[in-house]
Undergrad: 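Just passing along the structure, written as structure tokens.
The basis for the numbers below is simple: all heavy atoms, side chains too, and nothing from hydrogens, waters or symmetry mates.
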Amino acid sequence: MKNKNSLAVGIIAEYNPFHDGHAYHIRKAKEMSQADYCIVAMSGDFVQRGAPAIYDKYTRTAMALSCGADLVIELPSVFASSSAEDFAASGIALLNNLGVVGSVCFGSECGNVEKLTGIASILATEPPVYTKELRRELKRGATFPQARNLALISCGILNEDEASILASPNNILGIEYCKALYRQKSPMIPVTISRKGYGYHDTSLASEGFSSATGIRKAIYENPDVLMQAESSLIQVPDSVKQMMSQSFPVFPDDISALLNTTLLKLDCEGIPFEKYADVSEELAARLLRQLPDFLPFEEKINHLKTRQYTYTRISRALLHIALGITAQQVVLGRNVGYAPYARVLGFKKTSAGLMGEIKKRGSIPLITKTADARLILSGAAWSMLRQDFYCSHIYQTIVQDKYRIKMKNEFTHSVVIL
């Protein structure tokens, strides 16, 4: 399976937070690909579900490096909090543009890469009969995931068993990765491993197998001191990661409530339409305007806005984009420059110096290791995207400082993590 011209296997991840399942994934990725290095394309301080990451990106980078990753680069914030399709397209483009990644490894409930790539090739080409049925189902009020499944079945492209693969979150992301590989004509090989332990959305801690990141976040939210207690063994994170967690400052969705409510008021006062922002439809904007004076906590606001057509995650992403100032136009510009016009290094191992040198030789995009140098290297849409990354992280750092009354380093004083 090893590509003779490659040095590394790539992983697209959030590590929200890092746990035993992620350490297993890195080990298996290296083993299955026979790669010398593992490069992780990781979300920054805000994640794809439309929320702040529980720990800042530098802490999560250190967690990954301590457990087998060799290099961590940041997914552009415009796409890190975007739909599964854009999230995957950006991650694949970023890894592909480094010039050293021969395969991409991801977890899935299915565990069968042939099935996932088969479905991906259909969705990537979008046959006219499928497109017609998809529009019909959307007009009937189905959510996009529901409409997609119904369309694939009704036009005979997939049977019900095959379409059921699209009901599982990691399968969906895996298909999007394969679809992006297909559309970008990438030579990288997709590799999948079966997800072990509790499901992606499971909020319980597993006594066997791996607990989900969702379950771990819930445990920390409900009991911030859980990492120091005997039952912390159920948290299921590597010892090095547990130590970092105990010394870090967790952030949760409701911590951005004041930011969102203030931003909505300011936009309304200035006459700026909400639908200017990514994933905000005219209908959702109208609903937001009607609820403007309610000043609800972030998660409660999402539940008040949720309908049959608009899922929780879709609304969460839309609200996050408003709070962070990510516009629909920015998303379009990002797509037009290939999703990943630079590679921002968050951290690396000292032993991966050779890998960094090869990326500089083979890569097709600038490698950013010093923020002070970025303005001299980037211009146009690429510079605008990186500035948005800085802005998002400064927002996150402000939230942490305000919540915990501590001083954090900003994007221009924080150095790359080196282990």
Side-chain angles (χ1 to χ4, degrees), residues 1-14 25-26 28-35 37-43 48 69 71 73-76 78-80 82-127 130 145 148 152 157-158 162 165-166 168-195 331 334-343 359 362-365:
M1 186 176 291
K2 186 174 181 178
N3 184 328
K4 292 181 180 179
N5 296 319
S6 73
L7 290 173
V9 60
I11 291 175
I12 302 168
E14 295 186 319
H25 183 193
I26 292 174
K28 291 296 291 183
K30 285 185 172 180
E31 175 189 315
M32 294 173 71
S33 66
Q34 301 174 44
Y37 300 99
C38 176
I39 299 176
V40 178
M42 190 188 77
S43 302
Q48 202 257 336
L71 169 65
I73 49 180
E74 183 177 2
L75 277 169
V78 169
F79 297 116
S82 192
S83 66
E85 183 175 49
D86 280 341
F87 175 87
S90 183
I92 292 297
L94 186 51
L95 293 173
N96 191 61
N97 290 341
L98 298 177
V100 298
V101 179
S103 56
V104 179
C105 185
F106 53 88
S108 66
E109 292 86 358
C110 170
N112 186 319
V113 76
E114 286 78 18
K115 285 186 178 180
L116 298 177
T117 53
I119 296 173
S121 65
I122 294 167
L123 295 177
T125 53
E126 295 186 344
Y130 161 72
R148 178 178 55 192
L152 289 169
I157 293 174
L158 301 179
E162 290 170 328
I165 293 173
L166 285 159
S168 302
N170 288 284
N171 286 344
I172 291 171
L173 261 181
I175 288 167
E176 291 297 342
Y177 295 145
C178 294
K179 194 169 82 176
L181 289 168
Y182 183 95
R183 285 182 170 172
Q184 296 175 25
K185 297 180 173 60
S186 171
M188 297 189 300
I189 300 167
V191 179
T192 191
I193 59 175
S194 296
R195 183 181 173 86
V331 174
R335 290 171 184 159
N336 289 343
V337 292
Y339 288 97
Y342 55 87
I359 291 173
R362 304 190 201 178
S364 58
I365 54 176

Undergrad: Distance-only, no hydrogens or angles: does the Ser168 side chain make a donor-acceptor pair with backbone N or O of Asn170 under 3.5 Å?
TA: no
Undergrad: If you measure from OG on Ser82 to CD on Gln48, what distance do you get to the nearest 0.5 Å?
TA: 7.5 Å
Undergrad: Would a distance-only check, ignoring hydrogens and angles, find a side-chain to backbone donor-acceptor pair under 3.5 Å from Glu14 to Ser43?
TA: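 Judged by distance alone, no pair lies under 3.5 Å.
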Undergrad: Shortest non-hydrogen contact from Val40 to Ala69?
TA: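 In this case the closest contact between Val40 and Ala69 is CG2-CB, 3.9 Å.
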Undergrad: Do Ile39 and Ile73 come close enough that some side-chain heavy atom pair is under 4.5 Å?
TA: yes
Undergrad: Using side-chain heavy atoms (C-beta onward) and a distance below 4.5 Å, is Leu123 in contact with Tyr130?
TA: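 In contact.
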Undergrad: State which residues pass salt bridge (charged side-chain N to carboxylate O under 4.0 Å, His left out) with Glu162; sequence neighbours excluded, sorted by chain then number.
TA: none
Undergrad: Just wondering, do Ser103 and Met188 contact through their side chains at under 4.5 Å, heavy atoms?
TA: no
Undergrad: What residues, two or more places apart in sequence or in another chain, satisfy ring-ring contact (aromatic ring centres under 6.0 Å, His included) together with Tyr339?
TA: Phe79
Undergrad: Determine, stepwise, if the pair Leu75 / Met42 fulfils side chain to side chain contact (heavy atoms under 4.5 Å, CB included).
TA: CA-CA 6 Å; Leu75 277 169; Met42 190 188 77; over 6 Å; no
Undergrad: For the residue pair Asn97 and Ser364, establish whether any side-chain heavy-atom pair is separated by less than 4.5 Å.
TA: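 Sidechains of Ser364 and Asn97: in contact.
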Undergrad: On a heavy-atom basis, which atom in Val101 and which in Leu98 lie closest, and how many Å separate them?
TA: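 Reported closest heavy-atom pair: CG2-CD1, 4.4 Å.
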Undergrad: Checking Asn171 side chain against Glu109 main chain: does a donor-acceptor pair fall under 3.5 Å?
TA: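 Checking the backbone N and O of Glu109 against the side chain of Asn171, a donor-acceptor pair under 3.5 Å is found.
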Undergrad: Counting distance only, does the side-chain N/O of His25 pair as donor-acceptor with the main-chain N or O of Ile193 below 3.5 Å?
TA: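 No.
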Undergrad: Which atom pair, heavy atoms only, marks the closest approach of Ala180 to Ala89?
TA: CB-CA, 3.8 Å
Undergrad: Taking side-chain hydrogen bond (donor to acceptor under 3.5 Å, both in side chains) as the test, write out the residues that go with Ser108, two or more places apart.
TA: Thr192
Undergrad: Whether the side chain of Asn96 engages the backbone of Ile92 through a donor-acceptor N/O pair (distance < 3.5 Å, no angle test) should be reported.
TA: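 Side chain of Asn96 to backbone of Ile92, a donor-acceptor pair under 3.5 Å: no, none is there.
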Undergrad: Roughly how far, to the nearest 0.5 Å, is the NZ atom of Lys179 from the CG atom of Leu173?
TA: 11.0 Å
Undergrad: Taking salt bridge (charged side-chain N to carboxylate O under 4.0 Å, His left out) as the definition, give me every residue that meets it alongside Glu114, ordered by chain and number, with sequence neighbours left out.
TA: none
Undergrad: What distance do Ile365 atom CD1 and Leu94 atom CG have between them, rounded to the nearest 0.5 Å?
TA: 5.5 Å
Undergrad: Between CD1 of Ile157 and CD1 of Ile119, what distance do you get to the nearest 0.5 Å?
TA: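 Nearest 0.5 Å value for the CD1-CD1 distance: 11.0 Å.
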Undergrad: Given 3.5 Å as the limit, does a donor-acceptor pair link the side chain of Ser90 with the main chain of Asp86, or not?
TA: no
Undergrad: In Å, rounded to the nearest 0.5 Å, how long is the span from OH of Tyr177 to OG1 of Thr117?
TA: 16.0 Å
Undergrad: Report the distance from atom CD1 of Ile12 to atom SG of Cys105, rounding to the nearest 0.5 Å.
TA: 11.0 Å
Undergrad: Between Ser33 and Val9, which heavy-atom pair has the shortest distance, and what is it?
TA: OG-CB, 3.3 Å
Undergrad: Leu116 and Phe106: which non-hydrogen atoms are nearest, and at how many Å?
TA: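 In terms of heavy atoms, the two residues are closest at CD1-CE1, 3.7 Å.
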Undergrad: Who are the salt bridge (charged side-chain N to carboxylate O under 4.0 Å, His left out) partners of Arg183, not counting sequence neighbours?
TA: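 So Arg183 forms a salt bridge (charged side-chain N to carboxylate O under 4.0 Å, His left out) with Glu85, Glu126.
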Undergrad: With sequence neighbours left out, what residues match Lys30 under salt bridge (charged side-chain N to carboxylate O under 4.0 Å, His left out)?
TA: Asp70
Undergrad: Quick one: closest heavy-atom pair of Cys38 and Ile11, and the distance?
TA: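 Closest pair (atom of Cys38, atom of Ile11, distance): SG-CD1, 3.7 Å.
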